[in-house]
Amino acid sequence: MTSKELLYVEDALGHEQYFQTKCNEVITTIGDAELKNTVQELATKHQQIFNSFYSLLN
């Protein structure tokens, strides 16, 4: 992997981590169970994407 490609992966990891953190923050403020579940699914999806990008580094 080139250094430029590594920077792209690191950037993508940072974005996915940010999205997951924001989803988890919002979950604590939502009262509606259905909406909370949807945001939880988004957080899980962003974790899966993060893991996919991270696996590129191994």
Side-chain angles (χ1 to χ4, degrees):
M1 183 178 296
T2 68
S3 60
K4 191 167 189 169
E5 290 170 330
L6 180 59
L7 289 174
Y8 288 137
V9 172
E10 288 174 348
D11 192 39
L13 286 169
H15 287 290
E16 290 306 322
Q17 192 171 35
Y18 172 80
F19 292 142
Q20 185 183 12
T21 300
K22 288 300 169 186
C23 286
N24 288 329
E25 287 175 6
V26 169
I27 287 169
T28 64
T29 65
I30 297 174
D32 181 68
E34 186 176 346
L35 183 56
K36 187 178 263 191
N37 185 47
T38 300
V39 176
Q40 179 60 53
E41 289 173 3
L42 286 171
T44 300
K45 184 64 177 174
H46 285 296
Q47 180 63 49
Q48 291 169 345
I49 294 169
F50 178 92
N51 292 342
S52 293
F53 281 128
Y54 191 79
S55 71
L56 293 173
L57 300 176
N58 292 328

ask   = Going by side-chain heavy atoms closer than 4.5 Å, which hydrophobic residues are tied to Tyr18, directly or by a chain of links?
value = Phe19
query = Apart from Met1 itself, what residues make up its hydrophobic cluster when side-chain heavy atoms of I, L, V, M, F, W and Y under 4.5 Å apart count as a link, directly or indirectly?
reply = Leu6, Val9, Leu13, Ile49, Phe50, Phe53, Tyr54, Leu56, Leu57
remark   = Output for pair (Thr44 OG1, Gln20 CD), nearest 0.5 Å, gives 7.5 Å
request  = Quick one: pull up CD1 in Ile27 and NZ in Lys22 and give me the separation to the nearest 0.5 Å.
outcome  = 13.0 Å
ask   = Glu10: what forms a salt bridge (Lys or Arg N to Asp or Glu O under 4.0 Å) with it, not counting sequence neighbours?
value = none
task = Could you tell me which non-hydrogen atom of Cys23 sits nearest to which non-hydrogen atom of Val39, and how far apart they are?
result = O-CG1, 3.5 Å
key: Shortest non-hydrogen separation from Glu25 to Thr28 and the atoms involved   = O-OG1, 2.7 Å
ask   = Say you draw a straight line from CD of Gln40 to CG of Leu35; how long is it, rounded to the nearest 0.5 Å?
value = 12.0 Å
note = Separation between CG (Leu42) and CD (Gln47), nearest 0.5 Å, reads 13.5 Å
